[in-house]
A.B. asks: 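Pasting a structure here, questions to come.
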Amino acid sequence: MTEENFIPSETYKNIENGEVNAKCSSNIALVKYWGKYDLQLPANPSISYTLTESFTETSIQFQKSDTFSVKVYLEDQIQENFAAKIHTYFLSIKKYLPFIDQYSYSIHTKNSFPHSSGIASSASGFGALALCLMNMSELLGEKNSEQFRLRKASFLARLGSGSACRSIYKGLAIWGKSSNIPSTSDLYAIPFPYEIAPIFKEIQDTILLVHEGSKQVSSSVGHNLMKGHPYASTRFQEANKNLSEVCDLIQSGDWEQFGKIVEHEALTLHAMMMTSTPPYILIKPNTLAIIDKIWKFRHDSNAQLYFTLDAGANIHLLYPEREKGLITSFIKNDLIKYTENGNLILDRVLF
Ligand code: PMV
């Protein structure tokens with residue numbers, strides 16, 4: 001499929017006003033997208049787990065209007081900055097939703113996780129927004145198959161924030177062209193196209209909030225620093241290889257080997273930041289202290305616990321549900337002291 005496939009051919013109904021709603025979860029990448037070109041096209045393919053407890057709920061009230069305008073409320077508080085960003089975003093997708101500038105919008109949004117937690121809300125936020133817009137488009141007469149509806153939502157979410165395109169699906173989602181995996185595309189994400197071994201469906205994700213608040217360097221800046229980065233081409237090749245391997249391991253049920261690649265991916269992401277020009281470091285001393293404890297614990301107890309990191313200092317602990325008791329005591333006794341305010345989010349994969 002190409003971008004042209006997302007340009008609708010229908011004539012839309014003349015509806016004066018209405019309301020649409022959507023909920024979308026955040027996701028955590030296992031093989032990371034890091035580096036982009038043009039309009040949020042990924043330099044390498046990625047795969048993620050969509051979470052259950054970390055989500056955004058959005059409702060959009062729309063009213064036919066001669067002047068296109070956008071108001072945004074986060075937890076009922078008006079947000080001028082978000083409104084300006086969404087105003088620009090809406091105009092940027094007019095080609096795919098031609099009615100978009102014929103209305104004025106009042107957007108109410110809330111996240112299940114605290115704003116200060118350092119958990120990025122852009123994936124769940126743009127995911128929920130794109131799903132709302134698809135609901136609106138269908139109210140106005142666009143007719144789509146379920147697969148196309150999700151693809152278009154994913155395509156629109158990507159234009160807002162790259163990784164948001166994976167949040168449209170439950171479970172595992174792949175975004176980015178991979179020569180080994182059929183139907184993959186740089187334009188939108190697809191659901192994992194193979195059988196998933198049972199252990200991969202019961203994965204818990206406990207997020208340790210090591211550093212709350214916003215990060216010093218945004219992901220957009222980080223992606224751009226991959227242009228001209230001395231290790232970029234090796235990194236992109238490795239991500240392709242890791243994605244193929246991870247897909248095989250998810251089918252064969254090899255959680256241990258999968259965990260090793262996932263940890264390597266997380267450390268590589270941060271290594272890319274540290275070796276960018278200019279360099280920067282988002283992990284904190286306590287992130288390293290936790291990693292050290294995890295490796296020691298795994299060595300001593302044989303626990304099936306692995307970690308990943310997003311573009312920040314927080315740590316995602318990934319483990320099968322059957323080890324919940326063991327890992328919960330480990331977190332309580334050895335890890336919680338490294339979090340900023342004793343804060344963590346108990347999440348799990350959404351299937
Ligand atoms: O979608 P962005 O621009 O916020 O970038 C996300 C980058 C990572 O979270 C670090 C990796 C990923 O694939 O989600």
Side-chain angles (χ1 to χ4, degrees), residues 24-51 54 56 82 85 89 92 111 113 117-130 154-169 172-178 184 186-190 192 205 207 211 214-227 229 232 235-236 238-240 242-243 246 261-274 276 280-283 287 307-316 318 347 349:
C24 186
S25 287
S26 184
N27 72 77
I28 179 71
L30 305 160
V31 172
K32 311 285 183 184
Y33 143 62
W34 200 240
K36 66 177 170 183
Y37 64 97
D38 294 348
L39 280 178
Q40 318 264 56
L41 292 170
N44 66 264
S46 57
I47 181 168
S48 62
Y49 262 143
T50 298
L51 300 175
S54 307
T56 299
F82 282 171
K85 213 171 155 185
Y89 168 64
S92 76
N111 300 322
F113 42 91
S117 65
I119 304 287
S121 58
S122 59
S124 53
F126 274 103
L129 205 55
S154 177
F155 171 82
L156 295 173
R158 184 202 104 231
L159 292 168
S161 169
S163 59
C165 72
R166 297 184 310 239
S167 272
I168 300 299
Y169 303 98
L172 291 154
I174 300 177
W175 169 40
K177 185 84 200 130
S178 158
T184 47
D186 284 349
L187 299 177
Y188 49 82
I190 59 161
F192 189 72
D205 179 353
I207 311 166
H211 179 70
S214 56
K215 49 198 179 207
Q216 308 103 310
V217 182
S218 72
S219 289
S220 286
V221 172
H223 286 295
N224 275 328
L225 290 174
M226 287 303 280
K227 291 185 181 131
H229 191 295
R235 160 64 198 151
F236 301 147
E238 200 195 39
N240 272 282
N242 284 346
L243 177 65
V246 153
I261 297 179
V262 165
E263 288 191 354
H264 177 79
E265 276 287 318
L267 295 173
T268 304
L269 168 70
H270 286 267
M272 291 300 113
M273 297 174 192
M274 291 180 205
S276 292
Y280 65 106
I281 301 179
L282 295 183
I283 51 174
T287 315
F307 71 83
T308 187
L309 305 161
D310 55 16
N314 298 333
I315 295 218
H316 290 246
L318 303 172
D347 217 321
V349 177

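We count ligands from 1, going down the list as the structure has it; atoms in each ligand are counted the same way.
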A.B. asks: Mark yes or no for whether D205, through its side chain, and L51, through its backbone, hold a donor-acceptor pair below 3.5 Å.
C.D. replies: no

A.B. asks: Can you tell me if S161 contacts ligand 1 (heavy atom of the residue under 4.0 Å from the ligand)?
C.D. replies: yes

A.B. asks: Flag yes if more than 12 heavy atoms outside I281 fall under 6.0 Å of its CD1 atom; otherwise flag no.
C.D. replies: no

A.B. asks: Let me confirm one number: the CE-CG distance from M274 to L269, rounded to the nearest 0.5 Å.
C.D. replies: 9.5 Å

A.B. asks: Using a 4.0 Å cut-off to any heavy atom of G162, which atoms of ligand 1 qualify?
C.D. replies: 1 (O)

A.B. asks: Of all heavy-atom pairs between R166 and S48, which one has the smallest distance, and what is that distance?
C.D. replies: NE-OG, 2.9 Å

A.B. asks: Tell me the protein heavy atom at minimum distance from atom 3 (O) of ligand 1, and give that distance in Å.
C.D. replies: H223 NE2, 3.1 Å

A.B. asks: In ligand 1, which numbered atoms sit nearer than 4.0 Å to a non-hydrogen atom of A29?
C.D. replies: 12 (C), 13 (O), 14 (O)

A.B. asks: What residue and atom, counting heavy atoms only, is the protein's closest point to atom 14 (O) of ligand 1, and at what distance?
C.D. replies: R166 NH2, 2.7 Å

A.B. asks: State, to 0.1 Å, how close Y33 and S163 come at their nearest heavy-atom pair, and which atoms those are.
C.D. replies: CE2-N, 4.0 Å

A.B. asks: Among protein heavy atoms, which sits nearest to atom 8 (C) of ligand 1, and what does the distance come to when rounded to 0.1 Å?
C.D. replies: Y33 O, 4.0 Å

A.B. asks: Specify whether the nearest protein heavy atom to atom 1 (O) of ligand 1 is under 4.0 angstrom away.
C.D. replies: yes

A.B. asks: Starting from atom 6 (C) of ligand 1, which protein heavy atom do you reach first, and at what distance in Å?
C.D. replies: S163 OG, 3.8 Å

A.B. asks: Using 30° and 60° as the class boundaries, would you call the ring planes of H223 and W34 parallel, tilted or perpendicular?
C.D. replies: tilted

A.B. asks: Which one of V31, I47, L269, N27 has a non-hydrogen atom at the shortest distance from atom 10 (C) of ligand 1?
C.D. replies: L269

A.B. asks: Quick one: closest heavy-atom pair of L309 and K32, and the distance?
C.D. replies: O-NZ, 2.6 Å

